[in-house]
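Okay, structure first, notes after.
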Amino acid sequence: MTLHTIDNFIGGRLTPPANGSYFDGTDPATGAVYSRVADSADQDVAQAVVAAQNGFAAWSSTPARERANILLRLADLIGRNAKELAEAESIDSGKPVALAASVDIPRAQANFEFFATAILHESQGAWATDSRALNFELRQPLGVVACISPWNLPLYLVTWKLAPALAAGNSVIAKPSEVTPMTAHLLGELCNEAGLPAGALNIVHGLGAKAGAAIVEHPDIQAISFTGGTATGAAIARTAAPMFKKLTLELGGKNPNVIFADCDYDRMLDTTVRSSFSNQGQICLCGSRILVEESLYSRFIADFTERTAALVVGDPLEEGTDVGAVVSEQHFDKIMGHIEGARADGGRIVTGGRRAIVGGRCEDGWFIEPTVITDLDASCAANQEEIFGPVVTVGTFQTDEEALTLANGTEYGLASSIWTSDISRAHHMAAGIDAGVVWVNTWMLRDLRTPFGGVKSSGIGREGGFAALEFFTSQKSVTIEL
Ligand code: NAD
């Protein structure tokens with residue numbers, strides 16, 4: 001396998017790290033090293049900030065129509081290079097290439113399309129105070145902003161942040177996850193091809209505690225849009241808050257999937273298999289705690305177990321694979337530790353629970369059988385802590401109130417699904433669930449205009465749609481006395 005060198009993208013150029021040091025990037029499906037990744041530090045971040053500052057005047061004063069054209073060209077280039085990007089994303093992360101090709105890459109393209117056109121249609125508030133004054137909101141780009149993103153949906157999540165930041169006229173420092181840097185690396189080249197001016201986007205690769213921390217600490221970075229783990233979010237907030245940086249934190253989840261006996265059963269079952277195990281359960285929005293009304297429980301557990309056991313765990317590059325490798329050896333160990341912990345807490349593993357053996361080139365990869373665990377107390381670790389792997393717990397409830405108590409019984413509040421045919425119950429549950437996202441009889445269906453984000457330990461701030469454009473701009477209040 002070719003060994004790729006992943007350098008920083010600073011001022012429109014691939015730039016080796018100042019200290020000349022690199023770490024290995026590993027393909028989780030094979031365990032083989034396939035890249036050397038820039039191990040950036042303070043100097044690289046400082047260099048990227050200077051490039052971003054130099055690029056800001058030109059980019060922020062580029063008319064919205066021209067910014068939109070450049071970002072639309074970039075979206076188009078993502079579409080044209082979709083196959084190569086999907087393969088890179090699969091090798092980086094272990095996810096099935098079919099998933100990368102059908103979800104991650106098209107959504108990355110859609111992010112640029114959406115925000116490129118949104119800036120042409122957004123409105124800003126204006127208020128007349130009798131005939132005495134005119135007040136209006138003046139939105140301006142913030143300057144240099146940072147986008148720090150995780151490994152689970154690499155290109156999709158980095159572009160989810162970059163697209164509104166750039167569309168609003170900011171210069172951006174992006175820090176993709178050190179575990180999955182490849183697609184962001186390819187994006188840099190596409191930015192040049194699309195005509196994005198040098199310095200508008202700078203990509204710094206490296207470790208969170210080094211390159212990431214240097215970004216958060218840099219005094220000239222005005223805002224940080226972060227997606228990742230809750231503990232990392234708390235550490236970032238501790239540094240950024242006293243510096244009064246604008247901050248949005250999209251963090252972990254322990255999402256309930258609440259299933260009532262009156263639901264459309266077949267649709268629920270199909271979707272629940274997907275919402276549990278898509279991307280090996282490594283989507284922050286996956287439903288990891290399934291709560292089933294008691295009268296439906298035995299039917300559900302029999303069918304769900306059968307469907308789960310039938311999922312094909314295999315080589316991510318093969319078309320028929322449902323479940324690929326988890327992202328790293330370290331993450332594999334963490335997930336397996338959770339499974340052992342659940343066993344020790346009295347959980348019954350009804351299917352899965354072991355390392356999955358995938359032969360051929362994937363012999364040494366990190367694969368886990370999709371796992372369903374029952375008979376656990378709501379307070380145990382497997383029901384409280386984010387596992388972020390192909391592992392779900394299944395429990396029961398008798399009443400709507402009990403369902404709500406269980407659904408809300410963790411520190412998290414990211415997403416939830418409710419399955420019922422009763423419209424009043426759906427409204428009652430949607431209002432009562434402590435989660436930033438509520439799906440009724442569906443999962444992962446989103447309109448990009450909708451604000452997105454969690455509550456409780458799942459984060460602060462809202463991304464997506466016009467909320468993201470608002471985040472990446474100042475809202476100055478201007479009053480003119482007439
Ligand atoms: P992580 O917190 O370890 O890392 C996320 C990013 O932050 C990486 O780029 C990392 O290098 C960087 N980072 C780490 N420490 C840092 C520090 N001290 N300062 C600055 N940057 C730092 O998360 P992960 O393991 O990459 O991703 C998995 C987590 O992300 C899960 O908890 C998942 O729920 C969460 N997630 C949340 C959402 C959401 O929308 N809420 C979406 C996807 C993933």
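Note that ligands are numbered from 1 as they come in the structure, with each ligand's atoms numbered from 1 the same way. Position 1 is the first residue of the sequence, and the numbers go up from there.
Distance check: Q222 CD to S474 OG gives 10.5 Å after rounding to the nearest 0.5 Å.
Side-chain contact of K161 with S149: a donor-acceptor pair under 3.5 Å is absent, judged by distance alone.
Taking the side chain to side chain contact (heavy atoms under 4.5 Å, CB included) definition, one finds that D322 meets it with L311, V312, sequence neighbours left out. The side chain to side chain donor-acceptor pair (under 3.5 Å) test applied to N192 returns no partner, not counting sequence neighbours.
Identified under the salt bridge (charged side-chain N to carboxylate O under 4.0 Å, His left out) test for residues 167-191, with sequence neighbours left out: K175-E178.
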Extract all N/O-N/O pairs under 3.5 Å that connect ligand 1 to the protein, and present each with both atom names and the distance rounded to 0.1 Å.
{"residue": "ligand 1", "atom": "2 (O)", "partner": "G229", "partner atom": "N", "Å": "2.8"}
{"residue": "ligand 1", "atom": "2 (O)", "partner": "T232", "partner atom": "OG1", "Å": "2.6"}
{"residue": "ligand 1", "atom": "9 (O)", "partner": "S149", "partner atom": "O", "Å": "2.8"}
{"residue": "ligand 1", "atom": "9 (O)", "partner": "K175", "partner atom": "NZ", "Å": "3.1"}
{"residue": "ligand 1", "atom": "11 (O)", "partner": "K175", "partner atom": "NZ", "Å": "2.6"}
{"residue": "ligand 1", "atom": "11 (O)", "partner": "E178", "partner atom": "OE1", "Å": "2.5"}
{"residue": "ligand 1", "atom": "11 (O)", "partner": "G208", "partner atom": "N", "Å": "3.3"}
{"residue": "ligand 1", "atom": "23 (O)", "partner": "G229", "partner atom": "N", "Å": "3.3"}
{"residue": "ligand 1", "atom": "25 (O)", "partner": "W151", "partner atom": "NE1", "Å": "2.8"}
{"residue": "ligand 1", "atom": "26 (O)", "partner": "W151", "partner atom": "NE1", "Å": "3.3"}
{"residue": "ligand 1", "atom": "30 (O)", "partner": "G228", "partner atom": "O", "Å": "3.3"}
{"residue": "ligand 1", "atom": "32 (O)", "partner": "E386", "partner atom": "OE1", "Å": "2.6"}
{"residue": "ligand 1", "atom": "34 (O)", "partner": "E386", "partner atom": "OE2", "Å": "2.5"}
{"residue": "ligand 1", "atom": "41 (N)", "partner": "L251", "partner atom": "N", "Å": "3.3"}
{"residue": "ligand 1", "atom": "41 (N)", "partner": "L251", "partner atom": "O", "Å": "2.7"}

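Partner of S40 under the side-chain contact (heavy atoms from CB on, under 4.5 Å) criterion, out of I215, N8, D7: N8 alone.
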